[in-house]
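Worth saying up front: this structure is predicted, and the values here are computed from it rather than measured. Both ligands and their constituent atoms are indexed starting at 1 by order of listing. We count residues from 1, following the sequence as given.
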Amino acid sequence: MKILITGSKGQLGSEFVDRLSEDNEVYGFGHKELDVTDKIYVIDIISKIIPDVIIHSAAFTNVDGCESDIKTAFNVNIIGTGNVAIESKKNKSTMVYINTDYVFDGKKNSPYIESDIPNPISVYGISKYGGELVVKHFLDKFYIVRTSWLYGKRGKNFVNTILRLTKEKNEIKVVNDQVGSPTYVPDLAKAISALISTKYYGTYHITNSGECSWYEFAKKILKYAGIKNVKVTPISTEELNKPAHRPKYSVLKNLNLEKKKIYKMRNWELALRDYFGK
Ligand SMILES: NC(=O)c1ccc[n+]([C@@H]2O[C@H](COP(=O)([O-])OP(=O)(O)OC[C@H]3O[C@@H](n4cnc5c(N)ncnc54)[C@H](OP(=O)(O)O)[C@@H]3O)[C@@H](O)[C@H]2O)c1
């Protein structure tokens, strides 16, 4: 397949380029090469390549930054996604839109399934849900993939941040009242690679299975990294006092993926051990 990837220098986009290049003709475009808010470039590049699949992983992902820069959040995550969706339609490409657990308000006490109604509580969540609506509005052939708490070897993520902090401090404070599912980027890329070969279009939740709080996640990171001389202290979301509201509980159930027997995601702790080569 001819596959075009937006945001290809990002944490997830770069993993797609690596994984999919073996069996496909992959065209990766980073922010500098293709700004998705620039309609002219989006039209030009997509119409020249005419990809079978477009994986749209470009986004303004700074959750707190979105609160103070609503214009960029909406421009990139809604308008930019709309530009890509319209060109997908024109060129008969299948679009994969990467979305987030932050489209939910976190008030449910059991895992969210694909048919649960989103109700975002942050600018980032609103903008990403807006992108999802735009994709559904313009396209018939799409995959919307909602995932959560991504980490991998590249890019900025919670695992890298914790490992960096252990070099700078002997105590790290981490929130214990937000629960979700950490997801290892190579696992997600494998699942999406399986998904796009099915033609079972629609909305999917794809995360590693199981759940934990950020505090529990941090404790396991230190355990598998073999770091013993740093203390992890649980704190509340209020104490952390970040600009953006985050859902208290945003575990996603991979219902559609499993019902259709497309791919089985392993438990988050197994994936984390793998990350550390354990
Ligand atoms: N990280 C998570 O925990 C998480 C969880 C759930 C869902 N997601 C979703 O997963 C996708 C990938 O996230 P990620 O973790 O890989 O984030 P990331 O590392 O920040 O990658 C996003 C990429 O998009 C690029 N970008 C920003 N504005 C752009 C624009 N106007 N045009 C083209 N590219 C632009 C960024 O480039 P610059 O850095 O140069 O601006 C960056 O390389 C996103 O859709 C995100 O919403 C992420």
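Considering backbone and side-chain atoms alike, Val36 places an N or O below 3.5 Å from some N or O of ligand 1. Geometrically, ligand 1 and Thr100 share no nitrogen or oxygen pair separated by less than 3.5 Å. On a distance-only criterion, Ala58 and ligand 1 share no N/O pair closer than 3.5 Å. Remark: ligand 1 and Leu12 share an N or O pair separated by less than 3.5 Å (distance only, no angle test). For Thr147, no nitrogen or oxygen atom sits less than 3.5 Å from a nitrogen or oxygen atom of ligand 1, counting backbone and side chain alike. Taking any N or O of His31, backbone or side chain, at least one lies under 3.5 Å from an N or O belonging to ligand 1. Considering backbone and side-chain N/O atoms, Lys128 comes within less than 3.5 Å of an N/O atom of ligand 1.
For atom 9 (C) of ligand 1, the nearest non-hydrogen atom of the protein is Ile98 CG2, 3.7 Å. Atom 13 (O) of ligand 1 has Thr61 CG2, 4.0 Å as its closest protein atom, hydrogens excluded (heavy atom only). The nearest protein atom to atom 31 (N) of ligand 1, hydrogens excluded, is given as Asp35 OD1, 2.9 Å; this is a heavy-atom distance. With hydrogens left out, the protein atom closest to atom 15 (O) of ligand 1 is Gln11 NE2, 2.9 Å, a heavy atom. In terms of protein heavy-atom proximity, atom 21 (O) of ligand 1 is closest to Gly10 CA, 3.5 Å. The closest protein non-hydrogen atom to atom 25 (C) of ligand 1 is Ala59 O, 4.1 Å.
Residues in residues 223-240 take part in these salt bridge (charged side-chain N to carboxylate O under 4.0 Å, His left out) pairs, two or more places apart or across chains: Glu238-Lys248.
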Take Tyr97 and Tyr143 through the ring-ring contact (aromatic ring centres under 6.0 Å, His included) test and state the conclusion after the steps. CA-CA 6 Å; Tyr97 174 65; Tyr143 301 98; over 10 Å; no
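By the criterion of a heavy-atom distance under 4.0 Å, the backbone of Leu34, and not its side chain, is placed next to ligand 1. Only the backbone of Trp149 comes within 4.0 Å of ligand 1, counting heavy atoms alone; no side-chain atom from C-beta on gets that close. At a heavy-atom cutoff of 4.0 Å, ligand 1 is contacted by both the backbone and the side chain of Leu150.
Within 6.0 Å of NZ on Lys90 lie more than 12 heavy atoms contributed by other residues, nucleotides or ligands. Around NZ of Lys253, the count of heavy atoms belonging to other residues, nucleotides or ligands within 6.0 Å does not exceed 12. Within a 6.0 Å sphere centred on CZ of Phe158, other residues, nucleotides and ligands contribute more than 12 heavy atoms. The 12-atom threshold is exceeded at NZ of Lys153, counting heavy atoms of other residues, nucleotides or ligands nearer than 6.0 Å. More than 12 heavy atoms of other residues, nucleotides or ligands shown are found within 6.0 angstrom of CZ on Phe276.
Glu171 places no side-chain N or O within 3.5 Å of a backbone atom of Thr233 that could act as its donor or acceptor partner. The backbone N or O of Ser57 lies less than 3.5 Å from a partner atom in the side chain of Thr6, making a donor-acceptor pair. With Asp177 contributing its side chain and Thr237 its backbone, the two residues share a donor-acceptor pair below 3.5 Å.
Within ligand 1, the atoms closer than 4.0 Å to a non-hydrogen atom of Ser57 are 11 (C), 12 (C), 22 (C), 44 (C), 45 (O), numbered from 1 in the order shown. Near Asn99, with a cut-off below 4.0 Å to any heavy atom, the atoms of ligand 1 are 6 (C), 7 (C).
Closest heavy-atom contact between Ile46 and Pro51: O-CD, 3.7 Å.
Distance check on atom 39 (O) of ligand 1: every protein heavy atom falls at or beyond the 4.0 Å cut-off.
Distances shorter than 4.0 angstrom occur between a heavy atom of Val76 and an atom of ligand 1. Heavy atoms of Tyr124 approach ligand 1 to within less than 4.0 angstrom. Ligand 1 does not have Gly80 within reach: every non-hydrogen atom of the residue lies 4.0 Å or more from it.
For Lys89, there are no side chain to side chain donor-acceptor pair (under 3.5 Å) partners at least two apart in sequence or on another chain.
Checking Tyr102, Trp214, Tyr184 one by one against Trp149, the ring-ring contact (aromatic ring centres under 6.0 Å, His included) holds for a single residue, Trp214.
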